[in-house]
Amino acid sequence: MTSSQSKGEIRQSRIWEHFQPTSKPKRSRGNDVSDGVMSGSKVLPSPVEEHKEPILLIDNQFENVAEPSQVCCSEELNIGTNWELKVNGLLRKHFGYSSLKSFQKEALAALLAHEDCLVLAATGSGKSLCFQIPALLTGKVVVVVSPLISLMHDQCLKLSKHGVSACFLGSGQPDSSVEQKAMRGMYSIIYVCPETILRLIKPLQRLAESRGITLFAIDEAHCISKWGHDFRPDYRRLSVLRENFSARNLKFLKYDIPIMALTATATVQVRQDILDSLCMSKKRKTVVTSFFRPNLRFSVKHSRKSVSSYSTDFCQLIDVYARKKKVDGMKQPLVSHESHCPSDSDKVSGSGFNDIQNSDIEESNDESSEKENGSIPSRGRPMSVEYLENEVDVFQSAEDWDVAYGEFSGQVHCEEWNSHGSMETIDPPNKPEERLRLLQEPLEQGLTIIYVPTRKETLSIAKYLCEFGVNAAAYNAALPKSHLRQVHKEFHEDSLQVVVATMAFGMGIGKLNVRRIIHYGWPQSLEAYYQEAGRAGRDGKLADCILYVNLSRMATLLPSKRSEDQAKRAYKMLSDFFRYGMNTSCCRAKILVEYFGEDFGDKKCLFCDVCVDGPPKMLDLKEEANILMQMIAARYAESSFMDCSYDDSLCSVTERQKFLVKPNLRAFVNKIREQSQKFITTDLLWWKGLARIMEAKGYIREGDDKIHVQIKFPEPTKRGLEFLQSESDKGFHVYPEADMLYSMRKPRAYSSFSDWGKGWANPEIRRQRLDKIRSSNRKPRKPRIRKSRKHFSDTSTSRGRISAKISQKK
Ligand SMILES: Nc1ncnc2c1ncn2[C@@H]1O[C@H](COP(=O)(O)OP(=O)(O)OP(=O)(O)O)[C@@H](O)[C@H]1O
Ligand SMILES: [Mg+2]
């Protein structure tokens, strides 16, 4: 799949391209730099004198430095035309790879042409090399802006193993002399967090004049964007790099120092925001690879998400790692992982193991759907800003996350190298047949990360798994730093099996054998989800990305302290994710990559639950859609009448006020129930699903200014009114979505319904009953109707009717 956008500026590589074996150098017409086809840009530097090998001293942690006197100070890049050969030599020597991937080549070519570059490539595709190789190739310094200390530490550790001098600066750096050495040009790669780079502008300008800075790389660049999921305010101030390192301001520079921004998850809007915020030049290059990860198997499962559902949700995981059974509530003795489950003294306030509460919180102003759906009401503390802030982990600055672990060894880890001295990489299956074969193979044990929304759940789930003999650990920002370091260390050493974490864990983690990423609760956006899911299967082997959510409850906006604007965006992101969770008919990988602006065409991943199970049978919901549309249209007609009417004799003030209050979906559903016996027992949840489908088809729209996770105050559209008026016999065939299927799963019927129905014809009885229903609706959360349900059975209800529709068609 190749797409060129913006006059050839953006080139999107074929979907499998970056996962193809790199050991056999490819000659792909469109990608080969030496063919001169590189997006039509003049990317190759003119041949200059013979390239001087950069000085690289392979040594220990912080002494892994180059002598300033020996380094290249020239402004020109003395690379020569055969830079690809040189790069391949460096790659083999330092990393054990035989060649660059095509997107890496393109990014490098942009740098050599002194151009800015935006690199959008899937998680685990190898973005780091795009900025690491330039340091080796040019002999100048590369400055990398990175959001997390653990990530910087991780990368420095790896580079030192590969014989590349690197350091990180900031509060996590224990050696105070490193910063001075770095500014004297003694490291080839300097990692800094955005907060630190802002105070280092002057020393960096001196460094640019002495050893030279070849590139500013902004890793995880989505953090720049207010529209993104990981917004970090200090990232937005990085435009200072362009101002302070331009040829206009620094006379010794012939060209502006190029900026390279890299991310795996940026929507089209986020991309633009990155380009603008960094003041990237108009002549920049954008390199886009497919976001598709062919070896990841996505699925969505329903879970009540309470302590009582752990046994169902985690039994498979326990089977994989422990195969022990908890006997009558007796705890299995914890082995080495006792330390991972913090003791009472380590507990964060109010979040001990025995104090676990259901922390799902519904959208703040949503009426309870539990009343309708029989789920247990949240027993948590009342929702408040403080409560929410205390419960979730929110990135503020890199300084908050000092969880670097271990020391640089400077040693090459033998297990990472095969007997021929090259890095062992397993290419992900890139053809449908290969992937289908992979699907037959059992999922390897490997490691598992469980992402949960709250700190409390990290503790309760880790404890639960430990009780069954799984070597599991909790990870959240409120736990002691020593504990977090230990978790990192053991995770990297494979001595842990499961890490139960908030979003605080794992950004940029380069662990190859993560086999399962489980999300236990609604993530906050598709971006966050895809980033986290992307930590699985980096070795190219099959990996599972399972999302457990309560289908009867809406996604929740957890972090608070947001401006109105930010809250709107956050709701929009939640809403997009909610639709992903409710989807039953479209390949999940397709939804994910298309969210990032990639055209997946009619391809399918063949792996996800939708591809494997197939969509549910389509239903003709013409009658249901019609009645809902009628209700909405009628109310709309009434209210527009009220709006136009200035004649007080036509209606009273109270009546007018009544009409000014917007009815929500629940009110419409109640009206339907009042008017049609057939739908008396159809869940609100089911109607919500139908309303979502009708909104997607453009029949109704949200009438409220506030953004809701899903449509709440429906208004008819022109299209919807046309649908209502249409006399065509054409049905309204749709795939029922996950919440609709869930609400139909266990037909709840009323055996007394027939008795109850007998009196319905009598207007007086009907009036009394409707009054009763109305008054019960006014009292929130009183499960009056539900109470009697278990005694009854009758399939003549609409729920039964809809379920019957499905079974009939199956
Ligand atoms: N040219 C190459 N040939 C073979 N393997 C490569 C090459 N470049 C990178 N890799 C592999 O890709 C893996 C992931 O690289 P890297 O950590 O840079 O990914 P990333 O794109 O930065 O991911 P993330 O978005 O999660 O940060 C590396 O461990 C390495 O094994
Ligand atoms: Mg990376």
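Since the model is a prediction, treat every value here as computed from it, not as a measurement. FYI, side chains are in, hydrogens and waters are out, and symmetry mates aren't considered; it's all heavy atoms of this structure.
By the side chain to side chain contact (heavy atoms under 4.5 Å, CB included) test, Ala589 pairs with Phe292, Cys587, Cys605, sequence neighbours left out. Listed by chain and residue number, nothing satisfies the ring pair (Phe, Tyr, Trp, His ring centres under 6.0 Å) test with Tyr595 (two or more places apart in sequence, or in another chain). The salt bridge (Lys or Arg N to Asp or Glu O under 4.0 Å) search around Arg248 returns none, not counting sequence neighbours. Taking the ring pair (Phe, Tyr, Trp, His ring centres under 6.0 Å) definition, one finds that Phe131 meets it with nothing, sequence neighbours left out. Lys251 meets the side chain to side chain contact (heavy atoms under 4.5 Å, CB included) test with no other residue; sequence neighbours excluded. The side chain to side chain donor-acceptor pair (under 3.5 Å) check on Arg237 picks up Asp234, with sequence neighbours excluded. Under the side chain to side chain donor-acceptor pair (under 3.5 Å) criterion, Glu243 pairs with no residue at all, not counting sequence neighbours. Evaluation of the side chain to side chain contact (heavy atoms under 4.5 Å, CB included) rule for Leu169 yields Cys167, Val178, Glu179, Ala182, Met183, Ile190, Val192, Thr196, Leu200 as partners, not counting sequence neighbours. Contacts of Phe216 classified as ring pair (Phe, Tyr, Trp, His ring centres under 6.0 Å), with partners at least two apart in sequence or in another chain: Phe245. Evaluation of the side chain to side chain donor-acceptor pair (under 3.5 Å) rule for Asp576 yields Lys572 as partners, not counting sequence neighbours. For Tyr530, there are no side chain to side chain donor-acceptor pair (under 3.5 Å) partners at least two apart in sequence or on another chain. Annotation: salt bridge (Lys or Arg N to Asp or Glu O under 4.0 Å) contacts of Asp116 (sequence neighbours excluded): Arg242.
Between Glu106 atom CD and Thr286 atom OG1 the span is 11.0 Å, to the nearest 0.5 Å. Here CG of Leu157 is found 9.5 Å from NE2 of His162. Values are rounded to the nearest 0.5 Å. Atoms NZ and NZ, from Lys158 and Lys161 in turn, are 7.5 Å apart once rounded to the nearest 0.5 Å. Taken to the nearest 0.5 Å, the OG atom of Ser188 stands 13.0 Å off from the NZ atom of Lys140. To the nearest 0.5 Å, atom CG of residue Leu91 and atom NZ of residue Lys101 are 11.0 Å apart. Distance OG/Ser239 to CE/Met280: 12.5 Å, rounded to 0.5 Å.
Across all their heavy atoms, Ser146 and Pro194 have their closest contact at O-CD, 3.7 Å. Between Ala261 and Leu278, the shortest heavy-atom distance links the atoms CB-CD1, 3.8 Å. The two atoms that bring Thr289 and Glu598 nearest to each other are O-OE1, 4.3 Å, heavy atoms only. Heavy atoms only, all atoms of each residue included: Ser125 and Ala122 are closest at OG-O, 2.6 Å. What you find for Cys156 and Phe168 is that their closest heavy atoms are SG-N, 3.8 Å. Between Leu108 and Pro134, the shortest heavy-atom distance links the atoms CD1-CG, 3.6 Å.
The side-chain contact (heavy atoms from CB on, under 4.5 Å) test with Leu253 singles out one residue from Asp256, Asn249, Ile257, and that residue is Ile257. Under the side-chain hydrogen bond (donor to acceptor under 3.5 Å, both in side chains) rule, Thr265 has a single partner from Glu532, Glu527, Gln531, which is Gln531.
A donor-acceptor pair is defined here as one N or O able to donate and one able to accept, closer than 3.5 Å; no such pair exists between the side chain of Lys86 and the backbone of Leu137. No donor-acceptor pair under 3.5 Å is formed between the side chain of Glu115 and the backbone N or O of Lys285. Between the side chain of Asn295 and the main chain of Gly537, a donor-acceptor pair closer than 3.5 Å is present. Panel note: side chain Thr123, backbone Arg535; no donor-acceptor pair is recorded below 3.5 Å. With hydrogens and angles disregarded, a donor-acceptor distance shorter than 3.5 Å links the side chain of Lys590 to the backbone of Gly601. The main-chain N or O of Ile224 is found under 3.5 Å from a side-chain atom of Arg236 such that the two form a donor-acceptor pair. In this structure, Arg271 contributes its side chain and Phe596 its backbone to a donor-acceptor pair below 3.5 Å. Judged by distance alone, with hydrogens and angles left aside, the side-chain atoms of Ser277 form no donor-acceptor pair with the main-chain N or O of Ile274 at under 3.5 Å.
At a threshold of 4.5 Å between non-hydrogen side-chain atoms, the residues Gln104 and Val87 do not count as touching. Looking at Gln205 and Lys202, their side chains come closer than 4.5 Å, going by heavy atoms from C-beta outward. Inter-residue side-chain proximity for Glu220 and Leu262 is flagged as unmet; no heavy-atom pair is nearer than 4.5 Å. Contact of the Ser225 side chain with the His222 side chain is not registered, since no non-hydrogen atoms from C-beta on lie closer than 4.5 Å. With contacts defined as side-chain heavy-atom distances shorter than 4.5 Å, the pair Phe505/Tyr451 qualifies. At least one side-chain heavy atom of His94 sits less than 4.5 Å from a side-chain heavy atom of Val164. With contacts defined as side-chain heavy-atom distances shorter than 4.5 Å, the pair Asp219/Gln155 qualifies. Side-chain contact between Met152 and Gln173 is absent, with no heavy-atom pair separated by less than 4.5 Å.
Between Tyr191 and His153, a ring centre-to-centre spacing not shorter than 6.0 Å is recorded.
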### Task
Under the side-chain contact (heavy atoms from CB on, under 4.5 Å) rule, what do Arg232 and Glu195 come out as? Steps first, then yes or no, please.
CA-CA 10 Å; Arg232 289 270 299 274; Glu195 296 82 359; 3.2 Å; yes
#### Entry: Evaluation steps, side-chain contact (heavy atoms from CB on, under 4.5 Å), between Trp83 and Ile133
CA-CA 11 Å; Trp83 62 269; Ile133 284 291; over 6 Å; no
### Task
Give the intermediate values and the outcome of side-chain contact (heavy atoms from CB on, under 4.5 Å) for residues Cys117 and Val287.
CA-CA 7 Å; Cys117 184; Val287 178; 3.9 Å; yes
### Task
List the steps, then state whether side-chain contact (heavy atoms from CB on, under 4.5 Å) holds for Leu241 with Ile197.
CA-CA 9 Å; Leu241 296 177; Ile197 202 169; 3.8 Å; yes
